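The chain is numbered in sequence order, starting from 1. Model, not experiment: these values are computed from the prediction. Read the numbers this way: they start at 1 and go in the same order the structure lists the ligands and their atoms.
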Amino acid sequence: MLVLGIESSCDDTAVALVEDGRVIRASAAGGQEALHAAYGGIVPEVACRAHYEVMMPLVEKVLKQAGVSADAVDAVAVTNRPGLVGSLYVGLSAAKGLSWALKKPLVPVDHIEAHIYAVHFNEQEVHYPYVSVVVSGGHTDIFFTQGATEHTLITRTLDDAAGECFDKVSALLGLGFPGGPAIQNAALGGNPAAIDFPRGSSGPDGTQISFSGLKTAVLNELLHRGFVLEAQRNSGRKMPHVRPPRPRRRDATLTFGVKMPLADIAASFQEAAVDILIRATVAASRRAQCRNIVLCGGVAANKRLRESMQKACDGRHLRFHPAPIALCTDNAAMVAGIGFHALLEGKRATLDVDVLPNKDEKRARREGA
Ligand code: KG4
Ligand code: ZN
């Protein structure tokens, strides 16, 4: 069965054609990084318009790449939750139009479930149940997963998502957007033990996750070193959310202004973020009594996280399954893949289906609130 997947929940427009939830026949994407870089983060209105421009050309491109006509498509799967409202509407509208014109089922998909499904494109088959660690720009959630669409939340971040923290710290360091890859590069050759950034409290059972303390600690460290203004100068723009350091006496630089290579600061931050995630993952595995660990979402592309998580799992006899690097950040293959299984479960929608931008709204609806 050929499922056409459409993804537009945030700032990536992506379309893919996947056979039986397993074989990627064709895939194409249009990132918007350059458009948002000037603002230091994603601007919803800009994202929405950019999706609108490239969506249908991407559909055409994917069909051409796969060498099939639109009639060959058996179902259209699309992310309709959670995400930016305008961005979601572009994908859902395109999917509705295609489903109606082709007379094929429309399958709405949850973006987080799609991220988790990405692991099933690994060559080695991953069996249920497993603990899913979803680390992206908008989410840091750990689930106990018993099937393609069966996830029970174990824990989630109390504040910022992991990717959001990478993005904000990258802005502080003047490294630009998106922050994850920028920090990973800046950290190369740096000493991860140079600064002992706080890992926050792990809570009574070790599963508590929080990134806001780490972000503030980096800011304080930079202010202390008189680094922030320099970073702002380097990036060539003002960052209004960063308070400039208080003016110091001339000789204060000698007392407080300890210079440190950017690589050491980036590596130390990355190490702390990785430690927070590993600690929560190990605790979640213990709580769920499950030894299979799946890592997915944009931050799962981080090499240090993958290596350290592998080591942590090996040392505890846990089986570690990271999603393929190319399918960690937003893509449409994962949407088509989960869409195939959702369709088998009868989860097709009518043409009045709407977007659900907010994850809490989704939870509230599930709970019948
Ligand atoms: O999953 P994703 O593409 O979009 C969301 O659903 O949010 O994740 C994007 C996030 C961004 O915050 C980006 O900085 C982060 O993933 N990211 C990384 C890396 N590549 C992307 N974070 C750390 N290291 C990376 N190599
Ligand atoms: Zn995502």
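Taking the six-membered ring where tryptophan is involved, the planes of Tyr128 and His120 are tilted, since the angle between them lies from 30° to 60°. Below 30°, between 30° and 60°, or above 60°: for Phe269 and Phe166 the angle between ring planes is above 60°, a perpendicular geometry.
Between Asn302 and ligand 1, an N or O atom pair is found at a separation short of 3.5 Å. When only interatomic distances are considered, the shortest N/O to N/O separation between Thr329 and ligand 1 does not fall below 3.5 Å. At a 3.5 angstrom cut-off on N or O pairs, Gly297 does not count as close to ligand 1. Among the atoms of Gly180, some N or O lies under 3.5 angstrom from an N or O of ligand 1. For a threshold of 3.5 Å applied to N or O pairs, the pair formed by Pro178 and ligand 1 contains no separation below that value.
Contacts classified as side chain to side chain donor-acceptor pair (under 3.5 Å) and involving residues 265-284 (residues at least two apart or in different chains) are given here: Arg199-Asp275, Gln270-Asn302, Glu271-Arg304. Residue pairs that meet the side chain to side chain donor-acceptor pair (under 3.5 Å) test with at least one member in residues 68-79, sequence neighbours left out, are Glu7-Thr79.
Residue Gly179 places a heavy atom less than 4.0 Å from ligand 1. Within the 4.0 Å heavy-atom cutoff, His111 counts among the residues contacting ligand 1. Between Lys303 and ligand 1 there is no heavy-atom distance shorter than 4.0 Å.
Counting only distances under 2.8 Å, and ignoring water, the protein N, O or S atoms around the Zn ion (ligand 2) are His111 NE2, His115 NE2, Asp330 OD1.
With a 6.0 Å radius and a threshold of 12 heavy atoms from other residues, nucleotides or ligands, Glu60 has its CD atom at or below the threshold.
Aromatic rings of His341 and Tyr117 (six-membered ring for Trp) have centroids within the 6.0 Å cut-off, being under it.
Taking a cut-off of under 4.0 Å to the non-hydrogen atoms of Gly163, the atoms of ligand 1 that pass are 12 (O). Listed by number with element, the atoms of ligand 1 under 4.0 angstrom from any heavy atom of Gly137 are 5 (C), 7 (O), 8 (O), 9 (C), 10 (C), 12 (O).
Looking at His115 against ligand 1, only its side chain comes within 4.0 Å, counting heavy atoms.
Taking the ring pair (Phe, Tyr, Trp, His ring centres under 6.0 Å) definition, one finds that Phe211 meets it with nothing, sequence neighbours left out.
Classification of Arg49 and Glu45 as a salt-bridged pair holds, one side-chain N sitting under 4.0 Å from a carboxylate O.
Side-chain N/O atoms of His51 and Asp11 include no donor and acceptor closer than 3.5 Å.
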